[in-house]
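Order of appearance sets the numbers: ligands from 1, and atoms from 1 within every ligand. Being a predicted model, the structure only gives us computed values, none of them experimental.
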Amino acid sequence: MAFDIEMIEKVYATMASRVDKARELVGRPLTLSEKILYSHLWEGTPSQAFTRGKDYVDFAPDRVACQDATAQMALLQFMHAGKKTVAVPTTVHCDHLIQAKNGAAEDLAFANKQSKEVFDFLSSVSNKYGIGFWKPGSGIIHQIVLENYAFPGGMMIGTDSHTVNAGGLGMLAIGVGGADAVDVMSGMSWELKFPKLIGVKLTGKLNGWTAPKDVILKVADILTVKGGTGAIVEYFGEGAESMSCTGKGTICNMGAEIGATTSTFGYDDSMRRYLAATGRQDVVNAADKVASYLTADAEVYANPAQYFDQLIEINLSELEPHINGPFTPDRGTPVSKMKAEAEANGWPIKVEWGLIGSCTNSSYEDMSRAASIVEQAVAHGITPKAEFGINPGSEQIRYTIERDGIIATFEKMGTKVFTNACGPCIGQWDRAGADKQEKNTIIHSFNRNFSKRADGNPNTHAFVTSPEMVAAIAISGRLDFNPLTDTLLSDSGQEVKLNPPKGDELPTKGFEVEDAGFQAPAEDGSSVQVAVSPTSDRLQLLAPFAPWDGKNITGAKLLIKAFGKCTTDHISMAGPWLRFRGHLDNISNNMLIGAENAFNGKANSVKNQLTGEYTEVPAVARAYKAAGVPSIVVGDHNYGEGSSREHAAMEPRFLGVKAVLVKSFARIHETNLKKQGMLALTFANEADYDKIQENDTINFLDLTEFAPGKPLTLEFVHTDGSKDVILANHTYNESQIGWFVAGSALNLIAAGKS
Ligand code: MIC
Ligand code: SF4
């Protein structure tokens, strides 16, 4: 940790020298987000007032974090960069590749066997390049980062969209694709479009059954899954200060679900308490010295409408517990309206499973508040009507809740305690009977609930709510149970009204852990060998993508016109496919298999224009590739929403897709496409989406004049010989065009030209 505090002190010294200058430059009081952004400008970046939502700016993040599923590709790329060690502190966390089935002990042992090759690879690459390695079972990346590395006023990037969780500790923490992480690990700057700012003023105080989760469930309902795109959400107000640090983390975490670049909170006592409880009093001491830089200027919070691009106000005293879903995290229903909503929509009322955990809600506070509900049910002799599972966020949390009797409480209800890992949240859930594809309801405290995500069953209706509500609803076994007004029946027939949850923000006896699961890298890793077997089906060394041939792309075929929601789960599914995250050829067999074909309404059935047959999307893409025919993908709004996984960009690149043309993109996915040398384009006129026909052949007319700010012209030739010429916008700047020309951003780094 000693190294960290030095780094943090350096960051604070830079803040002290830059924030006041930035205020002068901008000519008005500054928000917290702006203070952190301006203090992390890449050395030599022109000092000017940047235009929000417009200017691409180079930044110098303080840290990088990667999780196992994305780290494989990130590190395979880093190995090409030709560096001896990482340039900024970096950690790798093994959390996604561990299945939830029989409980932690068995499941972890199984994962260590099943994914041994991948864990060994990650551990040795980490060892070689100076990266801290968190072993399987140590916990979920974002809880570990919050417990060990996050600090107020810092900036980090991570190869996972929920990296934003660290905003709970006052950071600007941003999810990126592996190629972005490689830039920073290689000692280069990291580029981001200067974000817009959304202010959320929290008045009042959470009480009764309402939890921090409800704040973000409400914000998601207001802003929808794309309302935060290109923006930082900055929370403030008395309501913010009265909330725990991990609660703030929950709110920031799910900011990924509204597409926000990140979310953050100003430095306050809850952060001091959390830092101290996690052994970082030295960070508190350092932060206290620069406290005024770690929150917005007072004028900003006094007159927020003047300083934010958008302002939302939520009165916590009036906020009701929410249940969001099914199938999308932004469909919010206050608990009092659930009965009517569920009936009107035909959602199954019977709840089969309650799951507590995931990076967003697996803190000590979450577990203790949920346990207080379980405790009451046990005391009143109520048998839970649904099955129950929990995933603690880290080994430190697990060890401490075991010591404090919280696990024992859960176990009284037959709860399965899964590994400290993502588990069901990422489809690593071997749920008995899921293959029958029955319509059913589950309730969980995770952040994502896209179709098929948890158990692979498209008919599982997954609802998102706070851990305490998960506990109450799982016990009642009913989606329409409202613990604020309804009663439960005990086994002996007595009516029981549950009291609101109670819990400790932090363990009163302090955190404890025997083996947190950390492996420090070798002092000098130059002799460490990293082996990748050429016959492995899990890992494959990367071959560079070919550079652009300098010509217009012509004769391209339409691979798929995707209709409606097309998240990264639709483009590159997780669950069973996670095992191929280090093997580009193998994982490419899942490309776009979840996307709905606009022409026949089916998933994974598109027309091969060379044969006229309908078959799977990856098979058709491979057929075009083999025939030397380029292809393009057309999509709807918010294409690529969700995860940071760059496989969703690398797979189409690998299978010969040249361009992705959509109504709008999610931020991380757009960047991922650019980095891999693809054309990420948007319709200048959205209605042109309707002009695209199934048998179209596509010609680019002016790619040879590809330039910043200049739309591209594409010609769609239909089977009857008629044509539609359409304009496609793009957001490439000069250097990003360089990535396209070189074949990928990595090709430039490898050639030492970046
Ligand atoms: C997710 O929640 O979807 C994931 C799995 O954590 C992803 C990363 C991945 O695809 O590996 C994310 O959110 O970025
Ligand atoms: Fe893991 Fe789920 Fe969090 Fe993604 S959202 S990091 S899968 S726990």
Side-chain angles (χ1 to χ4, degrees), residues 65-74 92-100 118 122 134 136 138-146 157-166 173-178 180-181 216 249-250 252-257 259-260 262 329 355-363 366 389-394 418-429 444-450 452-454 462 464 567-582 587 590 594 640-651 666-669 671-672:
C66 304
Q67 42 90 339
D68 51 1
T70 51
Q72 299 169 60
M73 220 26 113
V92 164
H93 303 258
C94 297
D95 53 0
H96 283 62
L97 298 176
I98 304 158
Q99 236 184 21
V118 172
L122 293 174
W134 289 83
S138 61
I140 308 174
I141 174 169
H142 311 302
Q143 280 292 335
I144 300 226
V145 165
L146 200 69
I157 59 165
T159 59
D160 187 283
S161 62
H162 293 105
T163 302
V164 293
N165 188 70
I174 302 171
V176 298
D180 277 30
I216 186 61
T250 298
C252 294
N253 181 302
M254 261 195 86
E257 272 51 67
T262 190
L355 296 157
I356 297 176
S358 106
C359 53
T360 177
N361 272 117
S362 52
S363 66
D366 289 330
I390 64 168
N391 286 82
S394 70
F418 296 125
T419 317
N420 317 313
C422 303
C425 179
I426 190 53
Q428 287 279 35
W429 185 23
H444 61 57
S445 71
F446 310 162
N447 34 34
R448 297 207 167 131
N449 56 350
F450 304 138
K452 297 199 209 164
R453 182 168 168 104
V464 180
T567 71
T568 43
D569 281 359
H570 297 81
I571 307 170
S572 175
M573 197 189 175
W577 290 91
L578 279 173
R579 54 193 302 266
F580 297 125
R581 283 289 185 86
I587 196 153
N590 79 358
E641 154 191 0
S643 157
S644 67
R645 63 190 77 137
E646 64 200 324
H647 307 76
M650 295 179 91
E651 295 174 27
R667 173 188 62 88
I668 307 179
H669 187 61
T671 309
N672 286 346

Trainee: Of all the heavy atoms in Gln67, does at least one lie under 4.0 Å from an atom in ligand 1?
Mentor: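 It does; at least one heavy atom falls under 4.0 Å.
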Trainee: Taking the side chain as C-beta and beyond, is there a heavy-atom pair between Met650 and Ile587 under 4.5 Å?
Mentor: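 Of all side-chain heavy-atom pairs linking Ile587 with Met650, none is under 4.5 Å.
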Trainee: Say whether Ser644 and Asp160, considering side chains only, have a donor N or O and an acceptor N or O under 3.5 Å apart.
Mentor: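 No, because no side-chain N or O of Ser644 sits under 3.5 Å from a partner of the opposite role on Asp160.
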Trainee: Specify the protein heavy atom at minimum distance from atom 3 (O) of ligand 1: its residue, its atom name, and the distance to 0.1 Å.
Mentor: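 Result for atom 3 (O) of ligand 1: Arg448 NH1, 2.7 Å.
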Trainee: Hey, are the side chains of Ile668 and Thr671 touching, using non-hydrogen atoms and a 4.5 Å cut-off?
Mentor: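 Side chain of Ile668 against side chain of Thr671, heavy atoms only: no contact under 4.5 Å found.
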Trainee: Can you find an N/O atom of His96 closer than 3.5 Å to an N/O atom of ligand 1?
Mentor: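 Between His96 and ligand 1, an N or O pair is found under 3.5 Å apart.
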Trainee: Please state whether the rings of His162 and His142 are parallel, tilted or perpendicular, taking 30° and 60° as the class boundaries.
Mentor: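 Answer is perpendicular, since the angle exceeds 60°.
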Trainee: Do Glu641 and Phe450 have side-chain heavy atoms sitting under 4.5 Å apart?
Mentor: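 Yes, their side chains come closer than 4.5 Å.
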Trainee: Number the atoms of ligand 1 from 1 as they appear, then name those within less than 4.0 Å of a heavy atom of Ala69, with their elements.
Mentor: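 Reading through ligand 1 atom by atom, the close ones are 11 (O).
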Trainee: Can you list everything that forms a side-chain hydrogen bond (donor to acceptor under 3.5 Å, both in side chains) with Ser394? Sequence neighbours excluded, please.
Mentor: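 Applying side-chain hydrogen bond (donor to acceptor under 3.5 Å, both in side chains) to Ser394 gives Glu147.
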Trainee: So does Phe418 get a backbone contact from the side chain of Asn391, meaning a donor-acceptor N/O pair under 3.5 Å?
Mentor: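 No, Asn391 side chain to Phe418 backbone: no donor-acceptor pair under 3.5 Å.
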Trainee: Below 4.0 Å, non-hydrogen atoms only: which portion of Asp160 touches ligand 1? Side chain, backbone, both or neither.
Mentor: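 For Asp160, the contact with ligand 1 is made by both the backbone and the side chain.
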Trainee: Going by heavy atoms in the side chains, are Asn165 and Leu146 under 4.5 Å from each other?
Mentor: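 Contact flag for Asn165/Leu146 side chains = yes.
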Trainee: Check whether the side chains of Asp366 and Ser363 place a donor and an acceptor atom closer than 3.5 Å, and report yes or no.
Mentor: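 Result is yes, a qualifying pair exists.
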Trainee: Given Gly575, Ser161, Ser644, Gly642, identify the one with the heavy atom nearest to atom 13 (O) of ligand 1.
Mentor: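 Of the listed residues, Ser161 has the closest heavy atom.
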Trainee: Rounded to the nearest 0.5 Å, what separates atom CG in Asn449 from atom CG in Asn447?
Mentor: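 Reported to 0.5 Å precision, the distance equals 9.0 Å.
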Trainee: Just by distance, with hydrogens left out, do Ser161 and Arg448 show a side-chain donor and acceptor under 3.5 Å apart?
Mentor: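 The answer is yes; a qualifying pair exists.
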Trainee: Among all protein heavy atoms, pick out the one at the shortest distance from atom 7 (C) of ligand 1; state its residue, atom name and that distance to 0.1 Å.
Mentor: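 Closest protein heavy atom to atom 7 (C) of ligand 1: Ser643 OG, 3.2 Å.
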Trainee: Quick one, list the residues around ligand 2 where some non-hydrogen atom comes in under 4.0 Å, by chain and residue number.
Mentor: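 For ligand 2, the residues that come within the 4.0 Å heavy-atom cutoff are His96, His142, Asp160, His162, Ser358, Cys359, Cys422, Cys425, Ile426, Asn447, Arg453.
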Trainee: Within the 4.0 Å heavy-atom shell around Arg453, which atoms of ligand 1 are there?
Mentor: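 Heavy-atom distances to Arg453 below 4.0 Å select 1 (C), 2 (O), 3 (O).
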Trainee: Closer than 4.0 Å to some heavy atom of Thr70 - which atoms of ligand 1 meet that?
Mentor: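 Ligand 1 atoms under the 4.0 Å threshold to Thr70: 9 (C), 11 (O).
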Trainee: Going by distance only, is there an N or O of Arg645 that falls short of 3.5 Å from an N or O of ligand 1?
Mentor: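 Yes, since at least one N or O of Arg645 sits under 3.5 Å from an N or O of ligand 1.
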Trainee: Which ligand 1 atoms are under 4.0 Å away from a heavy-atom of Arg581?
Mentor: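 Checking each atom against Arg581, I get 9 (C), 10 (O), 11 (O).
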